[in-house]
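Below is one structure, written out as structure tokens; the observations come after it.
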Amino acid sequence: MALALLLAASTNLRAEPFFIQQELFISGHDDVNIYRIPSLIVSPKGTILAFCEARQGDDGDPTELVLKRSLCDAQPSQSRNLNGYPRTFGNGVNWQRMQVVLAGNGEAIMQPCPVVDRTTGKILICCQEIRGGLANLLKNEWHGRCLILHSVDDGATWSPPREITESVGHFAAGPGIGIQLRSGRLVIPGYSKEGSRVIYSDDHGQTWQAGSPVNNRGCNESQVVELTDGSLMINMRQGGRHRYLAFSKDQGETWFKENNEESLPDPGCQASILRFPHHEPGGRGWLLFSNPPHPGPFEARTNLTVRLSHDDGQSWKVSREVHAGPGAYSSLAVLADGATIGLLYETGAAHPYEKIAFARFNLDWLTAKPANDKSRSTIE
């Protein structure tokens with residue numbers, strides 16, 4: 001019944017179901033050993049920005065922050081994709097060559113977490129420079145700097161990095177995305193040695209402050225979403241069987257009502273959560289969530305799945321598997337048309353770090369029964 005009401009309320013979004021994906025970053029290409037840690041945002045102009053880490057080794061080894069962009073085309077192409085739908089630049093079909101946003105110069109530039117300031121049009125990205133490589137990372141010594149960069153031209157060029165460690169402490173962003181609240185505050189989720197927390201700016205990224213950590217010190221990689229009533233929900237990775245949640249009534253400065261979320265099983269992996277720009281009249285907001293939905297162990301990073309909630313995350317009654325094989329970190333975005341969902345995710349045949357793929361699909365694909373999966377196609 002709930003699903004029927006959800007579908008009835010979305011008649012203005014109805015279309016033929018489609019799911020299209022393509023390989024965007026392939027390990028071994030462009031002289032990069034492995035691509036990890038995807039992050040996906042859409043600019044106010046409709047440009048899709050797909051970030052990730054270009055690593056020469058493992059966690060903490062020399063790493064660069066890289067980006068591919070898909071520009072929004074006001075005049076959609078008349079050519080057709082494999083499903084018969086028009087190709088458009090702004091929907092992630094055509095991508096520019098990979099660009100280096102920030103070179104590591106022998107260090108590791110990690111944890112990309114961009115946020116869009118829709119007031120100014122500026123795109124900011126928070127990342128962490130890890131010094132001393134994997135050895136220091138494993139010892140949890142936090143030898144590094146928290147950095148902010150920005151772009152005023154839809155990601156074509158980027159400012160030099162600015163260190164904000166003194167004001168926010170040794171903070172590891174995301175990974176994933178930050179959000180702008182209805183108040184205008186920019187919020188970037190992440191974690192420190194004390195646990196998951198957010199940093200925030202009320203002056204369009206000029207200055208930053210750190211909020212208090214959640215009580216559960218075992219949580220780390222996190223994402224945050226603003227709920228219908230203006231409160232924040234932070235969704236966190238923890239070692240174990242499911243996601244961990246906390247809520248804030250003061251825009252991320254403090255947290256309350258912490259709990260395990262048993263409806264979202266998780267093998268201890270980064271996940272993505274995002275507000276979908278639609279809700280039932282007088283009802284709660286719709287949220288999207290993606291992760292490998294297995295309650296451990298670490299090796300269970302498979303069957304990447306996208307879920308839909310139509311009650312601000314109180315229940316997740318709609319879900320669909322994106323990939324039956326290996327799948328790990330992911331990042332969701334709503335594309336410029338307001339109806340197409342983008343997903344940037346780690347995947348492969350033997351293990352989930354062979355490539356980072358970009359998928360786009362609509363609500364009808366997500367809510368449809370996957371019989372024969374005739375709506376799927378792949379762009380070579």
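Just so you know, residue 1 is the first one in the sequence shown, and it goes up from there. What you are looking at is a predicted structure, and each value in this text was computed from that prediction instead of being measured.
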Q: Applying side chain to side chain contact (heavy atoms under 4.5 Å, CB included) between Leu40 and each of Leu343, Leu332, Leu24, Ile48, report the one that passes.
A: Ile48

Q. What is the minimum heavy-atom distance between Gly155 and Leu49, and which atoms define it?
A. CA-CD2, 3.8 Å

Q: Using the six-membered ring of Tyr200, assess whether NZ or CZ of Arg185 lies under 6.0 Å from its centre and within 45 degrees of the ring axis.
A: yes

Q) Is the side chain of Ser39 donor-acceptor paired with the backbone N or O of Ile177 at a distance under 3.5 Å, no angle test? A) no

Q: Name all residues meeting the salt bridge (charged side-chain N to carboxylate O under 4.0 Å, His left out) criterion together with Asp30; count only those two or more places apart in sequence or in a different chain, and write none if there are none.
A: none

**Q.** Shortest non-hydrogen separation from Pro44 to Arg118 and the atoms involved
**A.** CA-NH1, 3.6 Å

Q | Ser196 side chain vs Asn220 backbone, donor-acceptor pair below 3.5 Å | A | yes

(Q) Quick check: is Val100 connected to Trp95 through a chain of hydrophobic side chains (ILVMFWY, heavy atoms under 4.5 Å apart)? (A) yes

Q | Pairwise side-chain contact, Val168 with Glu163, heavy-atom cut-off 4.5 Å (strictly under) | A | no

**Q.** Flag side-chain contact, heavy atom, 4.5 Å: Leu288 against Ile273
**A.** no

(Q) Using the rule given for side chain to side chain contact (heavy atoms under 4.5 Å, CB included), can you reason through Cys127 versus Gln111, listing the C-alpha separation, both sets of side-chain angles and the distance that settles it, and then say yes or no? (A) CA-CA 5 Å; Cys127 57; Gln111 308 286 116; 5.6 Å; no

Q) Would Asn362 and Thr340 count as having a side-chain donor-acceptor pair, cut-off 3.5 Å? A) no

Q: Could you walk me through whether Val32 and Arg55 pass the side chain to side chain contact (heavy atoms under 4.5 Å, CB included) test, one step at a time?
A: CA-CA 6 Å; Val32 174; Arg55 299 180 175 181; 5.7 Å; no

**Q.** Heavy-atom neighbours of Arg182 CZ exceed 12 at 6.0 Å
**A.** yes

Q) Backbone N or O of Gly169 within a donor-acceptor pair of the Thr165 side chain at under 3.5 Å? A) no

Q) For residues Gln251 and Ser183, is any side-chain donor paired with an opposing acceptor at under 3.5 Å? A) yes

Q.
When you measure from the side chain of Ser315 to the backbone of Lys317, do you find a donor-acceptor pair of N or O atoms at a distance under 3.5 Å?
A. no

Q) Going by heavy atoms in the side chains, are Val66 and Val101 under 4.5 Å from each other? A) no

Q: Verify, without hydrogens or angle tests, whether Glu354 (side chain) and Ala349 (backbone) share a donor-acceptor contact under 3.5 angstrom.
A: yes

Q | Arg69 versus Gln96, side-chain donor and acceptor atoms under 3.5 Å | A | yes

Q: Can you measure from CG (Leu308) to CG (Leu363) and round to the nearest 0.5 angstrom?
A: 6.0 Å

Q: Considering non-hydrogen atoms only, spot the tightest contact between Ile123 and Ser43 and give its length.
A: CD1-CB, 3.9 Å

Q: Start with the C-alpha gap between Glu107 and Arg131, add the side-chain angles, then the distance that decides, and say whether salt bridge (charged side-chain N to carboxylate O under 4.0 Å, His left out) holds.
A: CA-CA 6 Å; Glu107 306 292 355; Arg131 297 176 177 175; 5.4 Å; no

Q) Is a side-chain donor or acceptor of Arg301 paired with a backbone partner of Gly327 at a separation under 3.5 angstrom? A) no

Q. Within the distance-only criterion (no hydrogens, no angle test), does the side chain of Arg360 pair as donor or acceptor with the backbone N or O of Ile20 below 3.5 angstrom?
A. no

Q: Give a yes or no on whether a salt bridge exists between Lys122 and Asp154, defined as a side-chain N under 4.0 angstrom from a carboxylate O.
A: no

Q: Take Leu149 and Leu102, measure what side chain to side chain contact (heavy atoms under 4.5 Å, CB included) needs, and give me the verdict at the end.
A: CA-CA 9 Å; Leu149 302 82; Leu102 183 58; 4.1 Å; yes

(Q) If you compare all heavy atoms of Ser212 against all heavy atoms of Thr254, which two are closest, and at what distance to 0.1 Å? (A) OG-CG2, 4.1 Å

**Q.** Summary of salt bridge (Lys or Arg N to Asp or Glu O under 4.0 Å) pairs that have at least one residue in residues 257-269, sequence neighbours excluded
**A.** Arg243-Asp266

Q: Give the cluster check for Val224 versus Val214: same hydrophobic cluster or not, with ILVMFWY residues linked at side-chain heavy-atom distances below 4.5 Å.
A: yes

Q. Is it the case that Thr120 and His204 place a side-chain donor and acceptor less than 3.5 Å from each other?
A. no

Q | Atom pair CD1/CD1 of Ile356 and Ile34 - distance to nearest 0.5 Å | A | 9.0 Å

**Q.** Pair Trp316-Phe289, ring pair (Phe, Tyr, Trp, His ring centres under 6.0 Å): steps then yes or no
**A.** CA-CA 9 Å; Trp316 300 88; Phe289 178 81; 5.8 Å; yes

Q: With rounding to the nearest 0.5 Å, note down the distance linking CD1 in Ile341 to CG in Leu274.
A: 8.5 Å

**Q.** Heavy-atom closest pair, residues Gln238 and His242
**A.** NE2-O, 3.2 Å

Q: Flag yes if more than 12 heavy atoms outside Asp203 fall under 6.0 Å of its CG atom; otherwise flag no.
A: yes

(Q) Nearest 0.5 Å, please: how far is CD in Glu226 from CG in Leu181? (A) 4.5 Å

Q | Donor-acceptor pair, side chain of Ser309 and main chain of Trp286, under 3.5 angstrom | A | no

Q: Please tell me if the side chains of Pro175 and Gln270 come closer than 4.5 Å, counting only heavy atoms from C-beta onward.
A: yes

Q) Okay, side chain of Asp250, backbone of Trp255: is any donor-acceptor separation there less than 3.5 Å? A) no

Q. Are Cys126 and Ile148 close enough that some pair of their side-chain heavy atoms sits under 4.5 Å apart?
A. yes

Q.
Taking the ring centre of each residue, are Trp208 and Phe171 less than 6.0 Å apart?
A. no

Q: May I ask you to establish whether Arg36 and Tyr353 are in a cation-pi arrangement, using a distance under 6.0 Å from NZ or CZ to the six-membered ring centre and at most 45° from the ring axis?
A: yes

Q) For Lys249, does its backbone N or O pair with a side-chain atom of Ser231 as donor and acceptor, under 3.5 Å? A) no

Q) Is it the case that Lys355 places NZ or CZ above or below the six-membered ring of Tyr35, under 6.0 angstrom from the centre and within 45 degrees of the axis? A) no

Q: Look at the side-chain heavy atoms of Ile, Leu, Val, Met, Phe, Trp and Tyr, link any pair under 4.5 Å apart, and say whether Val322 and Val334 land in one connected group.
A: yes

Q. Considering only heavy atoms from C-beta outward, does the side chain of Pro267 approach that of Pro295 to under 4.5 Å?
A. no

Q. What's the spacing between Tyr191 OH and His170 NE2 if we round to 0.5 Å?
A. 13.5 Å

**Q.** Minimum heavy-atom distance between Ile234 and Ser222, given as atom pair plus value
**A.** CD1-OG, 3.6 Å

Q) Out of curiosity, Tyr345 OH to Ser331 OG, how far, rounded to the nearest 0.5 Å? A) 13.5 Å

(Q) For a quick check under 3.5 Å, do Asn303 and His294 share a side-chain donor-acceptor pair by atom type? (A) yes

**Q.** Verify same cluster id: Ile179, Ile164 (apolar side-chain graph, 4.5 Å)
**A.** no

(Q) Ring-plane angle category for Phe19 and Trp365, please: parallel below 30°, perpendicular beyond 60°, tilted otherwise. (A) tilted

Q: Taking the side chain as every heavy atom from C-beta outward, state whether Leu65 and Ile125 have any atom pair closer than 4.5 Å.
A: yes

Q) Going only through I, L, V, M, F, W and Y residues with side-chain contacts under 4.5 Å, is there a path from Leu264 to Met236? A) no

Q) Is any side-chain heavy atom of Val318 closer than 4.5 Å to a side-chain heavy atom of Leu366? A) yes

